[in-house]
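Contents: one structure, followed by commentary.
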Amino acid sequence: MGWIGETMDSVKSLQIRQVLSQAVSLGMIVTSALIIWKALMCITGSESPVVVVLSGSMEPGFKRGDILFLHMSKDPIRAGEIVVFNVDGREIPIVHRVIKVHERPDTGEVDVLTKGDNNYGDDRLLYAQGQLWLQRHHIMGRAVGFLPYVGWVTIIMTEKPIIKYILIGALGLLVITSKD
């Protein structure tokens, strides 16, 4: 009969109480993940405490698929720091190094100019039309640590959605058919 036939027999033999118990367990897992994410947001001060490097623009320091851990403090941003920022009109955050810091004499606010380590020019072409500097509200956080290659899972699931659906389906089937 094979593995698929045994799995189907296992699903048919489940009682309603088991299904509800497993659904509650799955809900608790999802809720726990969300709580952990929100706690990390509060602790780090960043709207996204973990990001994946999606391009080779920061090589050799960070490669595509590395995971960066972010923190956003009130300290002034300095040249040489690696920041993650959002640009108006773009959904995906960008990871680049601060190359210039400009303090406005009238307000004391600090604006920054960024560049990818592996790019030839600065990022002004990436910024919104007419924007020459990033303000503090564009910056999501500073990189404080990284895990190499772990983000490839996210990249693969984004670029090949069928793998994501197969993985979700397999995990759902595993939860439904578990005997605990």
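Residue numbers start at 1 and run along the sequence shown. Computation of the quantities below employed the complete heavy-atom set of this structure, encompassing side-chain atoms and omitting hydrogens, waters and symmetry-equivalent molecules.
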Exercise for review: Of all the heavy-atom pairs spanning A79 and I99, show the shortest one and how long it is.
Suggested key: CB-O, 4.1 Å

Exercise for review: Say whether, by atom type as modelled, one donor and one acceptor occur between the side chain of R142 and the main chain of V83 under 3.5 angstrom.
Suggested key: no

Point to revise | V53 backbone acceptor or donor facing D66 side chain under 3.5 Å | key: no

Check your understanding: Hey, mind stepping through V52 and I155 against side chain to side chain contact (heavy atoms under 4.5 Å, CB included) and telling me if it holds?
Key -> CA-CA 8 Å; V52 176; I155 292 172; 4.0 Å; yes

Review point. Do N119 and H96 have side-chain heavy atoms sitting under 4.5 Å apart?
Key: yes

Point to revise | Donor-acceptor pair, side chain of R97 and main chain of K115, under 3.5 angstrom | key: no

Review point. Between S46 and M72, is there a donor-acceptor pair closer than 3.5 Å when you use the side chain of the first and the backbone of the second?
Key: no

Review point. About how many Å separate CD1 of I43 and NE2 of H71, when rounded to the nearest 0.5 Å?
Key: 9.5 Å

Exercise for review: Mind listing the closest non-hydrogen atom pair of N86 and E91 along with its distance?
Suggested key: OD1-O, 4.1 Å

Point to revise | Nearest atoms (heavy-atom pairs only) where F69 meets V50 | key: CD2-CG2, 3.9 Å

Check your understanding: In Å, rounded to the nearest 0.5 Å, how long is the span from CG of D111 to CG of L134?
Key -> 8.5 Å

Practice item. State whether the side chain of W152 and the backbone N or O of R64 hold a donor-acceptor pair below 3.5 Å, judged by distance alone. Key: yes

Study note, to complete from the structure: Taken to the nearest 0.5 Å, the spacing of W133 CH2 from D122 CG works out to 9.0 Å

